[in-house]
Visitor: 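Pasting a structure below so you can have a look.
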Amino acid sequence: MTEMIEEAIKYIRQQGSFHAEVAVILGSGLGNFTESLARPTRIPFTGIPGFPTSTVKGHAGEMIHGYLGDRPLLVNSGRVHFYEGYTLDQVIYPIQILHALGVEHLLITNAAGSIRKAHPPGELLLITKLLNLTGRSIYAGEEEPGSIFHEDTLSLVQKTAERAGVALRNGVYAGLNGPSYETPAEIRFLRLKGADAVGMSTVHESLAAHRLGMNVVALSCLTNYAAGILDQPLDHQEVIDTSLRVQNDFSRLVSEVVKTLAG
Ligand code: HPA
């Protein structure tokens, strides 16, 4: 463990137990899940040594320890992105912290653009594969692992969604750096390459968690049709509006998946 991580863990433990086997990372506008946590203890990211803090609207930026029923849970509400100017090390630092706190199962969520007309905004998607199109990797110089998400976990999460009565698609997530949304031509390219959703997060976090030996699940909230699918420009407000519209279903799904992962 680096000195900075040790310092961060010491600081976090001074604020409370912050022990849990399961953690959730909440993306843009998906923060209302935290309201279902009992006995929450909150630490602003700004207080944690070395922790990167986001500049994006809709990212609150705090680590919360709380309980779902009697199950302890850690939640990172907010994250940073590469396009904000952070290094790869900074983007994955929160994952290292969660791992150092004892997390074994990580549920990553994000807002993503839908690349398929048949998957309208508001639908939720379970990521089965990643396309790392960021041009960067924590596996620099090595082969990136082909399967981050375990078959058994994927089918467990699908069953959980069915039981909860929440529609959940399967799909491939293409991770790009941003900072802009894509061009219609890029989206056509991604569709031809087999992507179903596109976004600017999740790829490095998933790879880092996998490398640290965590069991990783990633869910996308499809917040908008990607560029060129409709004859209208994209804007960040639609991303926020859609996530707010589906946040109840989304939160319920996250709760149920957490319970499944906690066993
Ligand atoms: N493209 C990239 N990232 C996104 C999108 C999109 O359309 N929607 C939400 N995040």
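Counting starts at 1 for both ligands and their atoms, following the listed order. Quick caveat: nothing in here was measured; it's all calculated off a predicted structure.
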Visitor: More than 12 heavy atoms of other residues, nucleotides or ligands under 6.0 Å from CZ of F189: is that the case?
Guide: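 Atom CZ in F189 is not packed in, count stays at 12 or less.
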Visitor: Once you round to the nearest 0.5 Å, how far does CD1 of I148 lie from OG1 of T153?
Guide: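 These two atoms lie 12.5 Å from each other.
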Visitor: Quick one: nearest non-hydrogen protein atom to atom 2 (C) of ligand 1, plus distance?
Guide: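 Looking only at protein heavy atoms, the one closest to atom 2 (C) of ligand 1 is E182 OE2, 3.2 Å.
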Visitor: Quick one: look up the protein heavy atom nearest atom 3 (N) of ligand 1 and list residue, atom name and how far away it is.
Guide: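 Checking every protein heavy atom, the shortest distance to atom 3 (N) of ligand 1 gives G199 CA, 3.4 Å.
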Visitor: Under a 4.5 Å cut-off applied to non-hydrogen side-chain atoms, are V216 and F149 in contact?
Guide: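 Contact flag for V216/F149 side chains = yes.
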Visitor: If I apply the N/O under 3.5 Å rule, does Y181 come out as touching ligand 1?
Guide: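 Min N/O separation from ligand 1 is not below 3.5 Å for Y181.
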Visitor: Check ligand 1 against M200 and write out every atom of the ligand that is under 4.0 Å from a heavy-atom position of the residue.
Guide: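 With M200 as reference, the close atoms of ligand 1 come out as 2 (C), 3 (N).
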Visitor: If we count only N and O atoms by modelled type, under 3.5 Å, do the side chains of T223 and S243 hold a donor and an acceptor together?
Guide: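 There is no such pair (donor and acceptor under 3.5 Å, judged by atom type) between the side chains of T223 and S243.
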Visitor: When you look for heavy atoms under 4.0 Å from ligand 1, do you find them on the side chain of L176, its backbone, both, or neither?
Guide: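 Answer for L176: neither.
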Visitor: Taking atom OH of Y181 and atom CE of M200, what is their separation to the nearest 0.5 Å?
Guide: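 Answer rounded to 0.5 Å: 5.5 Å.
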Visitor: Using a 4.0 Å heavy-atom cut-off, say whether A227 meets ligand 1 through its side chain, its backbone, both or neither.
Guide: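 Looking at A227 and ligand 1, no heavy atom falls under 4.0 Å.
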Visitor: Is it the case that R13 places NZ or CZ above or below the six-membered ring of F18, under 6.0 angstrom from the centre and within 45 degrees of the axis?
Guide: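 Judged by the rule, R13 and F18 form no cation-pi pair.
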Visitor: Indicate, as side chain, backbone, both or neither, the part of L234 found under 4.0 angstrom from ligand 1 when only non-hydrogen atoms are considered.
Guide: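 The side chain, only.
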Visitor: If you measure every N/O of A226 against every N/O of ligand 1, is any gap under 3.5 Å?
Guide: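 Between A226 and ligand 1 (N or O atoms, distance only) the closest approach is not under 3.5 Å.
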Visitor: With atoms numbered from 1 as shown, which atoms in ligand 1 lie under 4.0 angstrom from a non-hydrogen atom of N224?
Guide: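 Listed by number with element, the hits are 5 (C), 6 (C), 7 (O), 8 (N), 9 (C).
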Visitor: How long is the straight-line distance from NE2 of H150 back to CG of L154, given to the nearest 0.5 Å?
Guide: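 So the gap between those two atoms works out to 9.0 Å.
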Visitor: Evaluate Y225 for polar contact with ligand 1, using N/O atom pairs at a separation under 3.5 Å.
Guide: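 No - when backbone and side-chain N and O of Y225 are compared with those of ligand 1, no distance drops under 3.5 Å.
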Visitor: My understanding is that we take every heavy atom of each candidate and find the minimum distance to atom 10 (N) of ligand 1. Doing that for A111, G27, S114, which one comes out nearest?
Guide: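 Answer by nearest heavy atom: A111.
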Visitor: Measure the acute angle between the ring planes of F51 and Y93, then classify it against the limits of 30° and 60° as parallel, tilted or perpendicular.
Guide: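 Plane angle over 60°, so perpendicular.
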Visitor: Under 4.0 Å from a heavy atom of T223: which atoms of ligand 1 are those, numbered in the order shown and with their elements?
Guide: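 Answer, ordered by atom number: 8 (N), 9 (C).
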